[in-house]
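Let me begin by presenting the structure, written as structure tokens, before commenting on it.
Order of listing sets the numbers, starting from 1, for every ligand and every atom in it. Predicted, not measured: the structure shown is a model, and the values here were computed from it.
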Amino acid sequence: MELPRDPYGDLVRSGPGAAAARRLGLPVPARLRRYAPGQELLTGPALVLRVGAAPLAADVAAWLAAAGARVLDDLDAAGGERLGAVVVDASAARRVPDLARLRELLAPAFRCTAHGGRVLVLGAVPAEAGVPGAGPDGEPGEGFGEGFGDVEGRSVQQALDGLVRTLGKEARGGTTVNLLRVAAGAGAALRSPLEFLLSARAAFVSGQPLLVGPAPAPPPARGRRVVVVTGAARGIGAAIAEVAARDGAHVVCADVAAAGEQLARVANRVRGSALPLDVTAEGAPRALAEHLRRRFGGADAVVHNAGVTRDRSFVNLDESAWDTVLGVNLAAPLRLTAELLRTDGALAPGARFVCLSSINGLAGAKGQANYAASKAGLVGLVQALAEPLARRGMAANAVAPGFIETPMTAAMPPLPREVGRRASSLQQGGLPVDVAEVVAWLASPGAAGVDGQVLRVDGQHLTGA
Ligand SMILES: NC(=O)c1ccc[n+]([C@@H]2O[C@H](COP(=O)([O-])OP(=O)(O)OC[C@H]3O[C@@H](n4cnc5c(N)ncnc54)[C@H](O)[C@@H]3O)[C@@H](O)[C@H]2O)c1
């Protein structure tokens, strides 16, 4: 697919343009480091810092070393080399002075991150940190008395959120900053989220928390994974199909019959199969469930990507614009998911659902009452599914893209388009592949500890932050 260009970005990254932009104080978006086959996980050494007991740091250091990183526990050992990653284990932080210690350790390292570096803070889940005596020091927390729990512990863990969101905004050179909230008992389920967020695959994910919990027991291995992507004929759906296929899956590329030729091209390119399917059709849930059961013995992942917009101010939205958008974006994923769960053999053990939400669903967007309602509805869908699916060893998550360079955003009027592009910490639009990387990871067995979450892929867009 020919990608829409970012002429401003090209101009200010070049010699004279860059100098002028610096003089005028204009944004200079960094070139993001994206995944390429055979690439090293990091561009420089990984510094693993410990705040207090830091119960996760030893495993983290071992995993990073196994992934080929040079792991340091002291900034001086870098000898002036720029850091590929800084990982801070603050999961045991419960007291305000712990935050001072975090600042003391992290601030000098934060200055030394490489271009495209990664900063990852590991925290506890605030609600778990509020349970008295749950912290590594076993202290109940003071000052509030019986029945309050560890108010300070919970506050300190929540403080990490504000810190990370701020560092995301202050980071330069394509460096991203994220918070992994590690639930009690997550154990080895932390490894894949950690490596994913540190990798170039997460180039457009910054300034947000992600919760990882214990993973269900892995299902018995079967052959090649089968991933269904709706709306796969173009745009983000086609990119998801490509990344999932690159990662080894057979991709069932579904789209409306009218997208026939384009759909066939994508399916051929990814060596998958094409499935003409209007997700809103009466018989679509049954047809999909039967197809997956008969042809593949069940899908390992289902990506609800098909989506439409019909923008108008709320008072001018007619019934058709409302029904079309809610029908494709929300009612169809609800119906398809219900039927797949009801049909024996339509889903493989450990199946994972991923829904394409949007930052406009999190924040609201003028002229998009129908779209924002549908995309927020998908957040409700994955949250409602999380626990019941976890009991079956399955999971559902949502991805909320921000400004992505697609034909849809290329068609925007120039001024709002330019504002939309720059209004994020990374000061540029993302590419369809950035969303696809996150979706493909959430659809993979590695993300087994991630359930009921919404992961933004928006370069920390100012919208809904
Ligand atoms: N492009 C962005 O910046 C952006 C931002 C946030 C969220 N999203 C979401 O990501 C998803 C993909 O967006 P995109 O920009 O690639 O859109 P797109 O319009 O380029 O592609 C959407 C695809 O869905 C298909 N589709 C539409 N109705 C369908 C139906 N009834 N049944 C089956 N397929 C159907 C279309 O034929 C098309 O191939 C959408 O859910 C969108 O809301 C996109």
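- Taking a cutoff of 4.0 Å between a charged side-chain nitrogen and a carboxylate oxygen, Glu418 and Arg422 qualify as a salt bridge.
- Listed by number with element, the atoms of ligand 1 under 4.0 Å from a non-hydrogen atom of Asp278 are 30 (C), 31 (N), 32 (N).
- Residue contact check: Gly402 has heavy atoms under 4.0 Å from atoms 3 (O), 5 (C) of ligand 1.
- For ligand 1, the polar-atom distance check against Ala254 finds no nitrogen or oxygen pair separated by under 3.5 Å.
- Contact annotation: for Lys375 versus ligand 1, heavy atoms closer than 4.0 Å belong to the side chain alone.
- Looking only at heavy atoms of the protein, atom 40 (C) of ligand 1 is closest to Asn305 O, 3.2 Å.
- With Thr324 contributing its side chain and Ala321 its backbone, the two residues share no donor-acceptor pair below 3.5 Å.
- In terms of protein heavy atoms, atom 13 (O) of ligand 1 is closest to Ile236 CD1, 3.9 Å.
- Less than 4.0 angstrom separates atom 17 (O) of ligand 1 from none of the non-hydrogen atoms of the protein.
- Where the criterion is an N or O separation shorter than 3.5 Å, residue side chain and backbone included, Val279 meets it with respect to ligand 1.
- Put simply, the side chain of Val256 does not reach to within 4.5 Å of the side chain of Leu277, judged on heavy atoms.
- Using a 4.0 Å cut-off between heavy atoms, Val308 contacts ligand 1 through its side chain alone, with no backbone atom that close.
- The residues Glu195 and Arg118 are annotated as not salt-bridged, no charged nitrogen and carboxylate oxygen being separated by less than 4.0 angstrom.
- Protein heavy atom closest to atom 22 (C) of ligand 1, with residue, atom name and distance, is Gly307 O, 3.8 Å.
- Taking only nitrogen or oxygen atoms, main chain and side chain alike, Asp255 reaches within less than 3.5 Å of ligand 1.
- The closest protein non-hydrogen atom to atom 8 (N) of ligand 1 is Tyr371 OH, 3.5 Å.
- Considering only non-hydrogen protein atoms, atom 20 (O) of ligand 1 sits nearest to Arg234 NE, 2.9 Å.
- The shortest separation from a heavy atom of Thr230 to ligand 1 is not under 4.0 Å, leaving the residue out of contact.
- Considering only heavy atoms from C-beta on, Val243 comes within 4.5 Å of Val433 through its side chain.
- A heavy-atom distance below 4.5 Å is not found between the side chains of Phe403 and Phe204.
- Protein heavy atom closest to atom 24 (O) of ligand 1, with residue, atom name and distance, is Gly231 CA, 3.4 Å.
- Ion pairing between Glu405 and Arg421 holds under the 4.0 Å rule for side-chain N and carboxylate O.
- In this structure, Ala239 does not count as a contact residue of ligand 1, since none of its heavy atoms falls inside 4.0 Å of the ligand.
- Set against the non-hydrogen atoms of Ser358, the atoms of ligand 1 under 4.0 Å away are 6 (C), 7 (C).
- For atom 33 (C) of ligand 1, the nearest protein heavy atom (residue, atom name, distance) is Leu277 O, 3.2 Å.
- In terms of modelled atom types and a separation under 3.5 Å, the side chain of Ser424 and the main chain of Gln427 share a donor-acceptor contact.
- Salt bridge annotation for Glu339-Arg335: absent, with no cationic side-chain nitrogen under 4.0 angstrom from a carboxylate oxygen.
- At least one N or O atom of Thr406 sits closer than 3.5 Å to an N or O atom of ligand 1.
- Side chains of Val399 and Ser357 form no contact here, defined as non-hydrogen atoms less than 4.5 Å apart.
- For the atom pair CD (Gln460) and CG (Leu426), the distance works out to 8.0 Å, reported to the nearest 0.5 Å.
- Taking the six-membered ring wherever Trp is involved, the centroid distance between the rings of Phe296 and His250 falls below 6.0 Å.
- An N or O contact shorter than 3.5 Å is missing between Thr280 and ligand 1 by distance.
- Considering only non-hydrogen protein atoms, atom 29 (C) of ligand 1 sits nearest to Val256 CG1, 3.8 Å.
- Interatomic distance, CG of Asn329 versus OG of Ser374, reported as 3.5 Å (0.5 Å rounding).
- Of all the atoms in ligand 1, the ones that sit under 4.0 Å from a non-hydrogen atom of Gly235 are 16 (O).
- Taking every non-hydrogen atom of Ile404 and a distance limit under 4.0 Å, the qualifying atoms of ligand 1 come out as 2 (C), 3 (O).
- Note on ligand 1: Ser357 sits in its first shell, one or more heavy atoms being nearer than 4.0 Å.
- Asn178 is not listed as a side-chain neighbour of Leu210, based on a closest heavy-atom distance of 4.5 Å or more.
- Counting heavy atoms under 4.0 Å from ligand 1, residue Ala259 does not touch it at all.
- For the salt bridge (Lys or Arg N to Asp or Glu O under 4.0 Å) with Asp300, the qualifying choice from Arg352, Arg224, Arg222 is Arg222, the only one to do so.
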